[in-house]
Amino acid sequence: MASRYYQELQDSFRNNNKSREFPAHTAKVHSVAWSCDGRRLASGSFDKTASVFVLEKDRLLCWHPTNPDLFVTASGDKTVRVWDVRSTKCIATVNTKGENINICWSPDGQTIAVGNKDDVVTFIDAKTHRSRAEEQFKFEVNEISWNNDNDMFFLTNGNGCINILSYPELKPIQSINAHPSNCICIKFDPTGKYFATGSADALVSLWNVEELVLDWPVRTLSFSHDGKMLASASEDHFIDIAEVETGEKLWEVQCDSPTFTVAWHPKRPLLAYACDDKEGKYDSNREAGTVKLFGLPNDS
């Protein structure tokens, strides 16, 4: 029996599945973000403009975490600009030393962090609009973020690592080897318990903030033909098979090595998969290159 949440979502999408386009820019849009109250949507574009939308019924780049009227933009023109949606003009302009490529607002609303192409991160006082601190990093900085408690600062880098600094001291706490390739993005969940990272290797990893250990570094996913089961595999030596509606584990397929790929049969509950197996009999470094099938009768 489907859960109430599942049924409610199904009913909602049945009644609300129309799409609508809003012309706003003359060049590609590279970012969108909601204000903290959800009433307004801002977009940033390569045409060097920012647009703000207001929903007709509910009064619909980086928003202030608690003030729904303020947002901040970073630009390649070496400036950071603070905007008030109640006015068509920016209320403050801060000159920076390089071409800016990422920006975020601290959870307490007191500080704006901006990173540039030279891997320099500048911390700006949101009230005085003056620089509080500036850090030059020796690695490629991709995205930056505070944790929800505002006492740690996270950076993802080009070496696949997550660098964690204390805040406001900006002293190194830990460096985590999160991905085998460029670690591009990072996001914290609203509860502050987890954060997720995405990488150029097409992996998404989920981390526990308190333990700073990897919870679910998913490498591959497959839904069963009826959509009722989900198989997932990671660096752990097993494949997890769970019921989609409840998330409860149905079975665990033990493996001898990390799994690269999983795929359900299109009509039957048979799971094909391949792992990082080695032919240890003659050469422990030689890849086995085998395909495996789970779900066959025990007496077959």
Side-chain angles (χ1 to χ4, degrees), residues 24-37 39-53 61-148 150-158 163-170 183-188:
H25 300 278
T26 59
K28 185 191 303 182
V29 174
H30 56 67
S31 59
V32 291
W34 288 97
S35 61
C36 63
D37 62 358
R39 295 173 60 197
R40 300 182 180 93
L41 178 66
S43 61
S45 168
F46 285 106
D47 65 7
K48 301 180 181 180
T49 67
S51 295
V52 178
F53 302 90
L61 84 349
C62 178
W63 288 91
H64 189 286
T66 57
N67 187 335
D69 296 323
L70 297 180
F71 71 98
V72 63
T73 59
S75 174
D77 65 2
K78 301 182 181 182
T79 66
V80 170
R81 299 173 189 268
V82 183
W83 304 80
D84 190 323
V85 296
R86 294 167 296 188
S87 171
T88 58
K89 299 179 181 179
C90 73
I91 60 176
T93 300
V94 182
N95 293 314
T96 58
K97 294 183 178 180
E99 296 182 41
N100 302 310
I101 58 174
N102 47 46
I103 192 166
C104 64
W105 215 313
S106 64
D108 62 8
Q110 296 182 11
T111 309
I112 299 165
V114 58
N116 65 30
K117 287 185 175 181
D118 297 322
D119 305 312
V120 175
V121 177
T122 303
F123 296 84
I124 301 169
D125 188 306
K127 291 184 178 180
T128 65
H129 306 123
R130 295 181 179 178
S131 174
R132 283 182 171 176
E134 188 175 275
E135 289 288 322
Q136 171 73 65
F137 294 94
K138 297 181 180 180
F139 49 77
E140 175 188 332
V141 177
N142 288 324
E143 190 165 10
I144 53 180
S145 177
W146 276 272
N147 66 331
N148 293 26
N150 217 104
D151 58 2
M152 289 189 290
F153 192 75
F154 290 65
L155 308 94
T156 61
N157 72 38
N163 293 86
I164 307 172
L165 309 178
S166 63
Y167 188 81
E169 300 83 8
L170 299 177
C183 191
I184 299 172
C185 53
I186 181 170
K187 295 294 179 185
F188 283 81

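Everything numeric in this text was worked out from a predicted model, so none of it was measured.
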Those residues that, when tested against Lys78, pass salt bridge (charged side-chain N to carboxylate O under 4.0 Å, His left out) (two or more places apart):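 With sequence neighbours excluded, Lys78 shows a salt bridge (charged side-chain N to carboxylate O under 4.0 Å, His left out) to no residue whatsoever.
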Side chain Asp108, main chain Gln110, donor-acceptor under 3.5 Å: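 Yes: the side chain of Asp108 pairs with the backbone of Gln110.
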Side-chain donor/acceptor of Glu143 to backbone N/O of Ile186, under 3.5 Å: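 Indeed, once roles are kept as given, a pair shorter than 3.5 Å links the two residues.
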Heavy-atom pair of closest approach, residues Cys104 and Ser145: SG-CA, 4.0 Å
Heavy-atom pair of closest approach, residues Gly76 and Glu99: O-CG, 3.3 Å
Asn163 versus Asn157, side-chain donor and acceptor atoms under 3.5 Å: yes
Residues Arg81 and Ser75: side-chain donor-acceptor under 3.5 angstrom: no
Straight-line distance of [X] [atom1] to [Y] [atom2], nearest 0.5 Å:
X	Y	atom1	atom2	value
Thr111	Phe153	OG1	CZ	10.0 Å
Cys183	Asn142	SG	CG	7.5 Å
Leu70	Ile112	CG	CD1	9.0 Å
Trp83	Thr73	CH2	OG1	6.0 Å

Are the side chains of [Y] and [X] in contact, using a 4.5 Å heavy-atom criterion?
X	Y	result
Ile103	Asn100	no
Phe154	Asn147	yes
Asp119	Gln136	yes

Cationic N near anionic O, under 4.0 Å, Arg130 to Asp125: no
Which residues share a side-chain contact (heavy atoms from CB on, under 4.5 Å) with Leu170, sequence neighbours left out: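 Phe123, Ala133, Glu135, Leu165, Tyr167.
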